[in-house]
Protein chains: 2
Amino acid sequence: MDLRPIKSEGDAEPAIIDPLCSVFRRHLKSLGQKYTPERAQVLDVLVELDDIFQADQLFEEMKGRGYRVSKATMYRTIKLLQEAGIIQQVLLTSETAHYQLAYGRKAQDLLIRLDTDEIIAISVPELAAIRDRVCKEHGLKATGHRFQVFASKG
Amino acid sequence: MDLRPIKSEGDAEPAIIDPLCSVFRRHLKSLGQKYTPERAQVLDVLVELDDIFQADQLFEEMKGRGYRVSKATMYRTIKLLQEAGIIQQVLLTSETAHYQLAYGRKAQDLLIRLDTDEIIAISVPELAAIRDRVCKEHGLKATGHRFQVFASKG
DNA sequence: GTCGGTGCAAATGCTTTGCATTGAT
DNA sequence: ATCAATGCAAAGCATTTGCACCGAC
């Protein structure tokens with residue numbers, strides 16, 4: 001599946017880069033690391049990309065602007081930005097594929113313990129209604145959903 | 001993140017293998033393919049694995065039982081089982097990582113069009129309450145959630 | 001004897017890492 | 001000088017594929 005074209009639900013893009021930049025600098029400083037031109041360029045391009053992107057899109061966009069940042073540096077910067085809480089992974093939780101029996105399709109909803117990495121299958125019946133409502137609002141028909149709750153020991 | 005240990009919310013495991021086996025055979029027949037011993041072994045081990053598993057777990061478990069199925073065949077079988085609707089991928093939608101700005105954390109909820117691969121960021125405020133309730137029931141504290149609706153043109 | 005099925009090993013594609021070089025303080 | 005950052009190329013890792021051999025009908 002190629003997920004390139006993204007639309008966001010009605011938010012223009014303000015000049016969020018300044019606060020993000022501060023957060024990033026602070027994170028880097030806390031690690032004894034520097035805010036380099038390469039890292040600035042990654043962040044710069046990133047905030048202008050439509051809200052979900054893949055590493056390669058980012059790389060191409062940077063190339064298009066004439067920025068000369070290597071993939072290695074880009075990936076290293078992405079990791080730093082995740083640590084800083086500036087970006088987050090979507091759709092994926094880990095690198096490797098996970099499967100489950102589709103039988104009955106009951107275990108679509110998951111409670112994921114971040115402290116123990118335990119996954120608990122849960123059932124949240126009202127999600128079906130929410131899902132259908134959302135689709136209706138967009139003139140679409142739901143074919144399924146996925147709900148993941150991240151939690152840890154209170 | 002390693003997601004190995006899985007618990008399911010209170011379903012014992014009945015002898016579901018027979019119906020699944022039939023479904024699989026039917027799918028294979030429709031493709032002009034055969035229900036081979038290797039494929040049977042994959043299905044066999046699979047239904048006994050706790051409900052979410054990784055390819056490698058499956059492979060190790062098969063080895064443990066003395067089944068001699070190659071990884072290539074296992075992966076090919078996994079693909080066939082997905083086509084047949086017997087298993088489905090969880091947590092992943094595609095192979096490559098996708099990122100988004102975490103700024104404001106508003107775009108956690110997504111409407112994914114399967115017909116156009118378009119992703120629309122949505123906002124479903126009541127999910128926070130649902131998520132907190134679920135965590136409470138398990139004595140945990142929520143740190144976040146993810147909701148993905150799959151849909152296509154009605 | 002024709003097909004598909006299998007195992008092996010090589011290929012793939014995204015991401016990470018080792019290492020020598022470079023740059024800032 | 002020191003310490004971290006960079007680019008390149010090589011390594012990793014999960015998954016896929018090419019190919020030669022095998023087996024069922």
Side-chain angles (χ1 to χ4, degrees), chain A residues 1-4 24-25 27-46 52-63 66-84 87-99, chain B residues 1-4 24-25 27-46 52-63 66-84 87-99:
Chain A
M1 200 202 267
D2 182 62
L3 306 161
R4 303 277 157 117
F24 195 27
R25 295 178 98 117
H27 177 68
L28 289 169
K29 177 169 267 180
S30 80
L31 296 172
Q33 299 188 199
K34 294 163 206 149
Y35 186 65
T36 65
E38 288 83 0
R39 289 170 180 172
Q41 288 174 354
V42 171
L43 180 56
D44 183 42
V45 170
L46 200 120
I52 293 178
F53 62 92
Q54 296 172 225
D56 201 58
Q57 270 175 86
L58 179 56
F59 188 70
E60 290 304 318
E61 183 63 26
M62 288 198 300
K63 272 208 322 213
Y67 293 166
R68 270 173 228 308
V69 178
S70 71
K71 274 196 168 161
T73 295
M74 179 194 68
Y75 277 113
R76 286 188 276 237
T77 305
I78 284 177
K79 181 166 278 178
L80 286 165
L81 288 164
Q82 282 188 81
E83 289 170 15
I87 61 174
Q88 54 193 159
Q89 282 205 150
V90 219
L91 303 176
L92 298 192
T93 287
S94 83
E95 342 67 46
T96 52
H98 290 72
Y99 307 88
Chain B
M1 202 203 269
D2 182 64
L3 305 160
R4 304 275 157 118
F24 195 26
R25 294 178 99 115
H27 177 67
L28 289 169
K29 179 170 266 181
S30 79
L31 296 171
Q33 299 188 197
K34 293 162 205 148
Y35 186 66
T36 65
E38 288 82 0
R39 289 171 180 171
Q41 288 174 355
V42 171
L43 181 55
D44 183 42
V45 171
L46 200 119
I52 293 178
F53 62 91
Q54 294 174 223
D56 200 57
Q57 270 175 87
L58 180 55
F59 188 70
E60 290 304 319
E61 182 62 27
M62 289 199 299
K63 272 208 321 213
Y67 292 167
R68 269 173 229 305
V69 178
S70 71
K71 274 197 167 162
T73 294
M74 178 194 69
Y75 277 113
R76 286 188 275 238
T77 305
I78 284 177
K79 181 165 278 178
L80 286 165
L81 287 163
Q82 282 188 82
E83 289 169 15
I87 61 174
Q88 54 193 159
Q89 282 204 150
V90 219
L91 302 177
L92 298 191
T93 287
S94 84
E95 341 69 45
T96 51
H98 289 73
Y99 307 89

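Each chain gets a letter, A, B and so on, in the order its sequence line appears, and its residues count up from 1.
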Check nucleotides 1-6 of chain D for protein N or O atoms closer than 3.5 Å to its own N or O atoms and list the pairs.
| from | atom 1 | to | atom 2 | distance (Å) |
| --- | --- | --- | --- | --- |
| D:dA5 | OP1 | A:Q33 | NE2 | 3.3 |
| D:dA5 | OP1 | A:R39 | NH1 | 2.9 |
| D:dA5 | OP1 | A:R39 | NH2 | 3.1 |
| D:dT6 | OP1 | A:T36 | OG1 | 2.6 |
| D:dT6 | OP1 | A:E38 | OE1 | 3.1 |

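Nucleotide C:dT15 holds its C1' atom 10 Å from the CD1 atom of A:I78, rounded to whole Å. A:Y35 has its OH atom 15 Å from the P atom of C:dT25, to the nearest Å. If you take OH of A:Y75 and P of D:dA10, they are 18 Å apart, rounded to a whole angstrom. Atom-to-atom, CD of A:Q57 to P of C:dG13 comes out at 18 Å; the value is rounded to the nearest Å. As a whole-Å value, the separation of A:F53 CZ from C:dC14 P is 16 Å. Between the CD atom of A:E60 and the P atom of C:dC14 there is a distance of 11 Å, rounded to whole Å. In this structure, B:Q54 atom CD and D:dA14 atom C1' are separated by 10 Å, rounded to whole Å. Remark: C1' of C:dT12 and CG of A:D56 are 15 Å apart, rounded to the nearest angstrom.
A close approach under 4.0 Å does not occur between any side-chain nitrogen or oxygen of A:K71 and OP1 or OP2 of C:dT15.
Between A:V69 and A:F59 there is no side-chain heavy-atom pair separated by less than 4.5 Å.
Recorded end-axis angle for the helix from C:dG1-D:dC25 to C:dT25-D:dA1 stands at 10°, based on five pairs per end and rounded to 10 degrees.
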Which side-chain N or O atoms in residues 27-39 of chain A pair as donor and acceptor under 3.5 Å with protein atoms at least two apart or in another chain?
| from | atom 1 | to | atom 2 | distance (Å) |
| --- | --- | --- | --- | --- |
| A:H27 | NE2 | A:E83 | OE1 | 3.1 |
| A:S30 | OG | A:H27 | O | 2.6 |
| A:T36 | OG1 | A:R39 | N | 3.2 |
| A:R39 | NH1 | A:K34 | O | 2.8 |

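Taking NZ of B:K63 as the start and CE of B:M74 as the end, the distance is 10.5 Å to the nearest 0.5 Å. Atom NZ of A:K71 is separated from atom CE of A:M62 by 10.0 Å, given to the nearest 0.5 angstrom. Here B:L58 contributes atom CG and B:Y75 contributes atom OH; the two are 9.5 Å apart, rounded to the nearest 0.5 Å. Summarising the geometry, atom OG1 belonging to A:T77 is positioned 9.5 Å from atom CG belonging to A:L43; distances are rounded to the nearest 0.5 Å. If you take CZ on A:F24 and CD1 on A:I87, they are separated by 9.0 Å, rounding to the nearest 0.5 Å.
In this structure B:K79 satisfies the salt bridge (charged side-chain N to carboxylate O under 4.0 Å, His left out) test with no other residue, sequence neighbours excluded. By the side chain to side chain donor-acceptor pair (under 3.5 Å) test, B:T73 pairs with B:S70, sequence neighbours left out.
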